[in-house]
Amino acid sequence: IPGYGDSPPVEMVATAQGRRTFLDHVLQELGMQRPVLISPSMSGCFALPFLLAHGDRLAGFVPIAPVGTKDYTAEQYRRVQTPTLILYGDRDTRLAPQALQNLQHLPEHRVAVLPGAGHACYLDKPEDFHRALLGFLRQLK
């Protein structure tokens, strides 16, 4: 994510609109047609603005305890028709419950909880994570 770690700060991503535009540009540059967007943790500040504005351009959305879910209303989430797999580890007791509380307003969602996994559930329980992800991907049109 620009501005984190050793990367220099990028003015473009200072606002939600800028982050949405940045992600849109990345997807266009990669030639992605209806990708499934997987959004763990801090990437939520990019993925959520994109989802709410351009969810129809995604084949699916997989939020993994993303940040920023409280920045949007239940009504905004209800307008999104993107198939969604809300995925998190049951040991993530801080961010995951808040994300679930907000994201459950997405009408086309299902939930997968990985027992014994923390915030980085894909690292803690990679086989369970991949099983849940692949099951979701197989159900997409």
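Throughout, residue positions are numbered sequentially from 1 according to the sequence presented.
When the side chain to side chain donor-acceptor pair (under 3.5 Å) test is applied to Asp90, no partner is found at least two apart in sequence or on another chain. Scored by the salt bridge (Lys or Arg N to Asp or Glu O under 4.0 Å) test, Asp24 finds Arg57 as partners (sequence neighbours excluded). Take Ala112 and apply the side-chain contact (heavy atoms from CB on, under 4.5 Å) test, not counting sequence neighbours, and it matches Leu85, Leu87, Ala132. Listed by chain and residue number, Asp128 satisfy the salt bridge (Lys or Arg N to Asp or Glu O under 4.0 Å) test with Arg131 (two or more places apart in sequence, or in another chain). Taking Gln139 as the reference, Arg110 meet the side chain to side chain donor-acceptor pair (under 3.5 Å) condition, with sequence neighbours excluded. Not a single side chain to side chain donor-acceptor pair (under 3.5 Å) links Gln33 to another residue, sequence neighbours left out. Arg91 meets the salt bridge (Lys or Arg N to Asp or Glu O under 4.0 Å) test with no other residue; sequence neighbours excluded. Listed by chain and number, the residues in a ring pair (Phe, Tyr, Trp, His ring centres under 6.0 Å) with Phe61 amount to none (sequence neighbours excluded). Contacts of His130 classified as ring pair (Phe, Tyr, Trp, His ring centres under 6.0 Å), with partners at least two apart in sequence or in another chain: none. A search for side chain to side chain donor-acceptor pair (under 3.5 Å) contacts involving Thr69 returns Asn102, not counting sequence neighbours.
Note on residues 92-102: no pairs pass salt bridge (charged side-chain N to carboxylate O under 4.0 Å, His left out), not counting sequence neighbours. The list of ring pair (Phe, Tyr, Trp, His ring centres under 6.0 Å) pairs with a residue in residues 84-120, not counting sequence neighbours, is empty.
Using a 4.5 Å cut-off on side-chain heavy atoms (C-beta onward), Pro66 and Leu103 make contact.
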